[in-house]
Each structure stands twice: as structure tokens, then as C-alpha cells.
Amino acid sequence: MASETPLPAFSAIIVAAGKGLRAGGDTPKQFRKWRGKPVVMHSVDALNAAGCGSIVIVAPPGLHAEALAAAGEPANAVTVDGGVTRQESVRAGLERIGEKKPERVLIHDAARPDLPMAVIERLLAALETHAGAIPALPVVDSLAVSDSNSTMTGKADREILRRVQTPQAFRYADIVAAHRSWTGALDAGDDAQVLMAGGGSVALVQGDERLKKMTFAQDFADGRTVAQFRVGQGYDVHRLQAGEELWLCGIKLEYDMGLAGHSDADVALHAITDAVLGAIGAGDIGTHFPPSDPQWSGAASGQFLEHAVKLANDAGYTLGNLDVTIICEAPKIGPHRPAMRTEVARLTGLAEDAVSIKATTTERLGFTGRAEGIAAQAIVGLCKLG
Ligand SMILES: Nc1ccn([C@@H]2O[C@H](COP(=O)(O)OP(=O)(O)OP(=O)(O)O)[C@@H](O)[C@H]2O)c(=O)n1
Ligand SMILES: C[C@](O)(CO)[C@H](O)COP(=O)(O)O
């Protein structure tokens, strides 16, 4: 429940320049989808819901456009190059956000997407009496000291220890001075330690288990249960015609005929799009992209599918899997199946193993058998998590 009184003005630095090595995968974890949207977008949305002023997203060099896109192109955000270490990334963010002369700044791991408003409120309140404030949780397991052979050599007193999270809140002048004067041979564990080294006081406020850091691949397993499951099916046909291009599942195939239609006539993507729209009861592709609208002439159909997936996500649904069957005598679909699967996975945010692409002939029967056209059928499973 958000507080009634407005929060004091604050800015934010979201550190998103890591490699995500422990999480694995081709895409850095902070840009991967989780619960329907990119990890970094969750923090941006939560901070802006709390009335955040300026945001600096510290991005991997060369990936600024990807970072802003994953963040949802927020109007109040800019990017800056990250450093080799998290501390260097924070320092770059502090210098950049300084241009806005903030009084307060929250420094947050992009890898901690589930940011409750109540934590932000507690952190900002604590800045009334301290130069810094960090969310912390008690240690609930007993702790052992280990040697290099994984032999227990002692214990640690868990009563005096806390698990520290982010965002970490600071009076800007104090934290930037502390970073600028840091002389440690090694980086600090976090920004609170930097502030303390500079003599600043740090308040511990109640953290939240929701703020768990996405560190390993298994952290992306969404612990919630399926509260609602839906299916949708789509069907489309386009005429084969000389002089047209042949696009199927977002891939252009070299063939002596192509599909005629208002857009690129990608019959397979149209069927998948209709299946997604059908599952959420949102009409069909013609409802959203009328063939009478000249702006869709020759349009790439991938944008239609991305739009349908966004509508499903906005309605609280996550795609579970999809299965599309392309019905044609020729060309052979098999050689193109891997590329098709990769493209449909990219467009939908699904893992490739959740995308099934099949093809069949109709034994020369009917319009497909006479190579007059190509048809496609698709079915999609969606789930709403609770
Ligand atoms: N040079 C770095 C290293 C980390 N981070 C950010 O700091 C946060 C917490 O770091 P961590 O979970 O360790 O992320 P990675 O360093 O990417 O993970 P890994 O160690 O597995 O590569 C992440 O949001 C990460 O993007 C950063 O901005 N710059
Ligand atoms: C900053 C931090 O998230 C506080 O818990 C943590 O120290 C980051 O550690 P990592 O090794 O960079 O993931």
C-alpha cells in the first residue's frame, strides 16, 4: 500500500552492466524476460511508480540501445557505460546523475526486479537521519566458517549479521564523495561499505525476500503457480503468386512464387498472432491491423505478433508454448525450421524448446494440393500466474 504522503524527491541509478555469467544464456540476465517483461523493466516501473526523478541506467558498453529498449524506453532515463566491476559502474552512474544535482539517490541492482514500494518508502524515510540506508534481512540459518578444503573451522554469530539487498539509498553528496575518495585495494562489497569507509552512517531498514537477486539460471524459474490457463487457435491462408516474396515464420524463403497479401503475407505468423489474440479474447489480426490501412502495406508481420504478445502480457498472461503447422505442397519447410524456430522464439520471448513448427502436404488435394496457396494453423498456450 503506497503511503498517503508524497515521497521526498529522489533519483536512481540502476546498475545493469554486468555479464550475468552465473546465470548463463546468450542474453545478459538483466535484459532477459521474467514474468512477462525484461528484468530491468520491473525496477524502472517500480521506481517510476514511486515518483522517481531521473534514472541513469548503467549499461554494458555498446548495449545502450538494448538497455533502453529492455527498460521500456523510459522518458526519464539515460544510459552510461558500465565499468569492469560493479563499483566502477556505480561510480559512472553517480557522475552521470550528478548532472541533475540530486539530493537523494537510490542505487539498485537491475538483477533485483521485484522491488516493493514499501522498501523504497523505508529507505527514503531513513535518509532523514542517516547519510545512507540499506534494506537488510536477518540470517535464518546457522553459519559456518570454512577453510579451503570445505572443512568447518568455526562459526559466525548470525545474530549480529544481516543479508544486505538493494536499492541502497544515499544523500548524493555523501555517496559521491565517498566513491571519489575510495582508496581500497579491492572493491567494496556494496555502496554502503563505500559510504562507511568515507565516514558516513548507514541505517539498516527492513528488506524483503521479494528483492532476491537473480543470480543463477534457476532463479528465473518463476516460483508462482498457474492460476489460470488458456489456449487459443489461429488459421490463415494466402494465395501463392509469381512475383511475390515468400515469408514464413519471419524468414524469407527463396522460391519461384510468394504469398500475396496486404502485409508481407506471412501466413504462419498471422495464424500464431490470431492464436494469441484468440486466447485473450482480443479479436483477430484484422481487428488490430486492418488490411484497409495503408500503413500496413508490405509490413513485416513480426510486429503483429509482438503486439499480440504485449497485449497478452499486459493482461497478465505469459506464453507457455506454441505449435504451428504450415500446410503446403512446396517448398520444403524442414531446412528452414531451425531459423523459423529461432525467429518465432525471439518474437514471442519463448524458449526455443517451447516453439513447435511443423509442416504437412495435403496429398495434392484442395487448393494447397494444387499449390494455389499456403495455409497455416496455430495453437498457443498461455498462463496467468498467481
Ligand atoms: N561490472 C558490473 C558488474 C555488475 N553490475 C550489475 O550489478 C548487479 C549485481 O551484480 P551481479 O548479480 O553479480 O551481476 P553480474 O556481475 O552480471 O553477474 P555474474 O557475476 O554472474 O557475471 C547486476 O544488476 C549487474 O548488472 C554492473 O552494473 N557492472
Ligand atoms: C550489491 C549487492 O547486491 C548487495 O547484496 C551484492 O553485493 C552484489 O554482489 P554481486 O557479487 O555483485 O552479485
Side-chain angles (χ1 to χ4, degrees), residues 12-34 37-47 55-64 66-71 77-97 105-116 119-120 123 132-139 161-170 175 178-179 182 184 186-197 202-220:
I13 295 167
I14 300 177
V15 283
K19 293 184 171 67
L21 298 176
R22 288 171 286 180
D26 298 333
T27 305
K29 63 185 180 182
Q30 60 269 30
F31 303 145
R32 274 165 54 180
K33 281 202 172 176
W34 178 72
K37 57 187 182 181
V39 164
V40 66
M41 188 185 287
H42 289 266
S43 300
V44 170
D45 291 350
L47 288 163
I55 296 177
V56 169
I57 299 173
V58 188
L63 292 181
H64 290 211
E66 290 77 356
L68 284 173
V78 296
T79 52
V80 70
D81 273 354
V84 172
T85 66
R86 183 184 181 283
Q87 187 164 322
E88 288 178 11
S89 293
V90 170
R91 174 69 185 277
L94 284 168
E95 298 300 346
R96 183 65 194 273
I97 200 94
V105 64
L106 267 54
I107 303 173
H108 186 47
D109 293 340
R112 295 178 187 268
D114 198 2
L115 172 51
V119 172
I120 297 174
L123 289 167
I134 58 177
L137 292 172
V139 175
L161 298 175
R162 295 293 181 271
R163 292 182 288 133
V164 171
Q165 303 174 312
T166 74
Q168 300 192 355
F170 303 95
I175 189 61
H179 266 270
W182 175 261
L186 297 173
D187 279 355
D190 64 17
D191 303 295
Q193 294 172 22
V194 174
L195 181 72
M196 282 190 66
V202 177
L204 298 175
V205 304
Q206 181 189 330
D208 194 305
E209 293 295 352
R210 287 171 52 186
L211 271 168
K212 170 184 164 70
K213 184 162 64 74
M214 312 287 273
T215 304
F216 304 102
Q218 58 264 32
D219 294 331
F220 280 81

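Just follow the structure's listing: the first ligand is 1, and inside any ligand the first atom is 1.
- In terms of protein heavy-atom proximity, atom 5 (O) of ligand 2 is closest to Val164 O, 2.8 Å.
- At the top of the distance list for atom 15 (P) of ligand 1, counting protein heavy atoms only, stands Gly20 N, 3.8 Å.
- The heavy-atom pair separating Gly18 from Pro60 by the smallest distance is O-CG, 4.3 Å.
- Looking at every heavy atom in both residues, Ala178 comes nearest to Leu195 through CB-CA, 3.9 Å.
- Note: Ser43 OG to Ile55 CD1 = 9.0 Å, rounded to the nearest 0.5 Å.
- Counting only non-hydrogen atoms, the option in Arg86, Arg22, Gln87 that gets closest to atom 19 (P) of ligand 1 is Arg22.
- With Gln193, Arg112, Gln168 as candidates, the residue nearest to atom 6 (C) of ligand 2 on a non-hydrogen basis is Arg112.
- Heavy atoms of Gly82 come nearer than 4.0 angstrom to ligand 1 in no pair at all.
- Under 4.0 Å is where a charged nitrogen must lie from a carboxylate oxygen, and between Asp109 and Arg86 at least one such pair does.
- Considering backbone and side-chain N/O atoms, Gly18 comes within less than 3.5 Å of an N/O atom of ligand 1.
- Here the heavy atom of the protein found nearest to atom 12 (O) of ligand 2 is Arg86 CD, 4.1 Å.
- Closest to atom 11 (O) of ligand 2 among all protein heavy atoms lies Arg22 NH2, 3.6 Å.
- Not one N or O on the side chain of Gln168 forms a donor-acceptor pair closer than 3.5 Å with the backbone of Gly132.
- Within the 4.0 angstrom cut-off, atom 24 (O) of ligand 1 has one or more protein heavy-atom neighbours.
- The heavy atom nearest to atom 8 (C) of ligand 1, considering only Thr166, Asp109, Asp190, Thr215, is found in Asp109.
- Ligand 1 lies within reach of Thr85, whose nearest heavy atom is under 4.0 Å from it.
- For ligand 1 and Ser89, the ligand atoms under 4.0 Å from any heavy atom of the residue are 1 (N), 2 (C), 27 (C), 28 (O), 29 (N).
- Protein heavy atom closest to atom 6 (C) of ligand 1, with residue, atom name and distance, is Val15 O, 3.6 Å.
- Note: Asp81 CG to Leu63 CG = 9.5 Å, rounded to the nearest 0.5 Å.
- Salt bridge present: Lys212 and Asp219 bring a charged side-chain N and a carboxylate O closer than 4.0 Å.
- Interface of Val84 with ligand 1, defined as ligand atoms under 4.0 Å from a residue heavy atom, comprises 1 (N).
- Less than 4.0 angstrom separates some heavy atom of Ala111 from each of these atoms of ligand 1: 23 (C), 24 (O).
- Residue Arg163 places every heavy atom at 4.0 Å or more from ligand 2.
- Residue contact check for ligand 1: Lys29 places a non-hydrogen atom closer than 4.0 Å to it.
- The heavy atom nearest to atom 1 (N) of ligand 1, out of those in Gly83, Ala17, Ser43, is found in Gly83.
- Scanning all protein heavy atoms for the shortest distance to atom 7 (O) of ligand 2 gives Gly189 O, 3.0 Å.
- Here the closest non-hydrogen pair linking Gly82 and Val58 is CA-CG1, 3.3 Å.
- A donor-acceptor pair under 3.5 Å is formed between the side chain of Gln87 and the backbone N or O of Ala188.
- His179 places a side-chain heavy atom less than 4.5 Å from the side chain of Val90.
- For Lys213, every heavy-atom contact with ligand 1 shorter than 4.0 Å involves the side chain, none the backbone.
- For the side chain to side chain contact (heavy atoms under 4.5 Å, CB included) with Leu211, the lone residue among Thr166, Val119, Leu137, Asp114 that qualifies is Val119.
- Ranking the protein heavy atoms by distance from atom 9 (O) of ligand 2 puts Lys213 CE, 4.1 Å first.
- A donor-acceptor pair under 3.5 Å links the side-chain atoms of Thr215 to the main chain of Lys213, judged by distance alone.
- Against a heavy-atom cut-off of under 4.0 Å, Leu21 is close to the following atoms of ligand 1: 19 (P), 21 (O), 22 (O).
- Here the protein heavy atom with the shortest distance to atom 3 (O) of ligand 2 is Asp109 OD2, 2.4 Å.
- Checked by distance only, ligand 1 and Ala110 come closer than 3.5 Å through their nitrogen or oxygen atoms.
- To the nearest 0.5 Å, atoms CD1 (Ile107) and CD1 (Ile13) are separated by 5.0 Å.
- In this structure a side-chain-to-backbone donor-acceptor pair under 3.5 Å is present from Gln30 to Ala16.
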